Amino acid sequence: MLSYRHGFHAGNHADVIKHLTVVLCCEHLAKKDKPFWYVDTHAGAGMYDLNSEMSRKNEEHLQGVFALLQDPKCPEVFADYLRLVKASRDTVRQAYPGSPWFAAQMMRRSDHLDLYELHPADQKRLEQVFERDRRAKVHKKDGYLCLKTVFPPPPRRALVLIDPPYEQEREYQSVLQSLSDGIGRFSTGVYIVWYPLIQRPGSPKNKSSEKLVKQIKTRFSQEQLHVQLIMNKDQEGMYGSGLAIINPPWGLKEQLESALKYICSLDKSGVRTFSVQ
Ligand code: SAM
């Protein structure tokens with residue numbers, strides 16, 4: 001089942017915090033004069049058009065990246081992220097990049113990207129976006145299985161983003177399995193797992209993310225950073241999102257804390273909250 005299309009959600013509040021984290025992690029990894037790999041197990045299309053029919057349906061970006069772009073007082077922690085969003089608009093005025101594009105802009109000539117995407121239309125677009133980038137390899141393969149085959153990465157330095165659509169309940173277990181596959185083969189990599197916070201009583205997905213987070217915390221002994229952005233805890237459906245980060249770079253915690261504090265301050269009704277642990 002491949003009905004999820006990220007184009008409906010591009011640039012929303014969850015994308016902002018996820019893409020900011022990817023940018024900051026790449027920045028940390030690029031400080032050392034040694035190459036690293038970026039593996040995106042569910043890469044999406046690589047670039048989106050916020051003026052498309054998909055994006056205009058719910059205009060999720062208005063509460064996400066647009067709110068930041070319109071604020072001249074946006075804190076320094078967002079500087080590279082926003083610079084890249086603006087740069088992506090050189091060709092398409094309402095463009096918004098996907099995770100692999102953000103990573104690629106922060107990476108050097110000697111670094112390498114492995115990008116997995118199964119949806120035929122998004123995979124085709126991803127191929128086009130990275131057509132001229134010799135550092136990137138686009139795979140039309142199941143991203144849940146990739147860490148088993150490509151890890152450990154030869155440079156022994158890597159950032160992994162596991163960002164699936166969670167269309168089916170069993171995907172929560174597939175995420176845990178992928179993480180085990182990756183960490184089992186390469187324990188010092190930086191791993192980012194994105195998850196939605198869903199409140200839908202009676203649905204099998206209700207509280208599945210909370211269960212996943214608990215399992216991640218107990219199963220892996222590596223240092224972990226857990227962040228959540230809650231847009232409105234009384235909202236039915238997706239009310240927020242979170243990231244579980246394994247082996248977070250030094251200083252990331254403080255950076256995400258200040259970013260989330262600022263995002264919550266943009267909402268004057270006071271229903272937004274965050275946690276960083
Ligand atoms: N990481 C992207 C970003 O932040 O720009 C968004 C990815 S989106 C949440 C999830 C993507 O995973 C969708 O484009 C979907 O087509 C793709 N997908 C679903 N199942 C997959 C699988 N088993 N392997 C690889 N890609 C898959």
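Atoms within each ligand, like the ligands themselves, are counted from 1 in listed order. Computed from a predicted structure; not experimentally measured.
No continuous path of hydrophobic side-chain contacts links V193 to Y4 [ILVMFWY only; heavy atoms under 4.5 Å].
Taking CZ from F186 and CH2 from W37, the interatomic distance works out to 10.0 Å, rounded to the nearest 0.5 Å.
For atom 8 (S) of ligand 1, the closest heavy atom belonging to the protein is Y4 CE2, 3.5 Å. Considering only non-hydrogen protein atoms, atom 19 (C) of ligand 1 sits nearest to L2 CD2, 3.5 Å. Of the protein's non-hydrogen atoms, the one nearest atom 6 (C) of ligand 1 is D163 OD2, 3.2 Å. At the shortest separation from atom 12 (O) of ligand 1 among protein heavy atoms lies H42 CB, 3.3 Å. Protein heavy atom at the shortest distance from atom 23 (N) of ligand 1 is D142 OD1, 2.9 Å. The protein heavy atom nearest to atom 24 (N) of ligand 1 is G143 N, 2.8 Å. Of all protein heavy atoms, the one closest to atom 5 (O) of ligand 1 is S99 N, 2.8 Å.
Side-chain atoms of Y144 and E171 form a donor-acceptor pair, as typed in the model, at a separation below 3.5 Å.
When atom types are taken as modelled, the side chain of S180 and the backbone of L176 share a donor-acceptor pair closer than 3.5 angstrom. Side chain of S208 to backbone of P204: a donor-acceptor contact under 3.5 angstrom is found. Judged purely by atom type and a 3.5 angstrom limit, T41 uses its side chain to pair as donor or acceptor with the backbone of L161. Side chain of D111 to main chain of R108: a donor-acceptor pair is present (N/O by atom type, distance under 3.5 Å, no hydrogens or angles).
Salt bridge R135/D133: present, at least one basic N to carboxylate O contact under 4.0 Å.
Distances from atom 4 (O) of ligand 1 to the heavy atoms of H19, E171, H6 put H19 nearest.
The residue A10 has no part lying near ligand 1, judged by heavy-atom distances below 4.0 Å. For E117, heavy-atom contacts with ligand 1 shorter than 4.0 Å involve the backbone as well as the side chain. Residue-level proximity to ligand 1 for D40 is carried by the side chain, the only part with a heavy atom below 4.0 angstrom. With a 4.0 Å cut-off on non-hydrogen atoms, K141 touches ligand 1 through its backbone and not its side chain. In K18, the part holding a heavy atom less than 4.0 Å from any atom of ligand 1 is the side chain. The backbone and the side chain of L118 each have at least one atom closer than 4.0 Å to an atom of ligand 1 (non-hydrogen atoms only).
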- Task: Apply side chain to side chain donor-acceptor pair (under 3.5 Å) to H226 and Q224, showing your working.
- Result: CA-CA 7 Å; H226 293 271; Q224 301 187 16; 2.7 Å; yes
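Residues I198 and S209 form no side-chain contact, since every pair of their non-hydrogen atoms from C-beta on lies 4.5 Å or further apart. No side-chain heavy atom of D15 sits under 4.5 Å from any side-chain heavy atom of V65. Side-chain contact between V227 and L225 is present, with heavy atoms from C-beta onward closer than 4.5 Å.
Annotation for ligand 1: atoms under 4.0 Å from non-hydrogen atoms of G98 are 5 (O). Distances below 4.0 Å separate heavy atoms of H119 from the following atoms of ligand 1: 16 (O). Ligand-side atoms of ligand 1 in range of D122: 14 (O), range being under 4.0 angstrom from any heavy atom.
Residue-ligand proximity: H9 is placed with every non-hydrogen atom at 4.0 Å or more from ligand 1. Judged by the shortest distance from any of its heavy atoms, T41 lies inside the 4.0 Å radius around the atoms of ligand 1.
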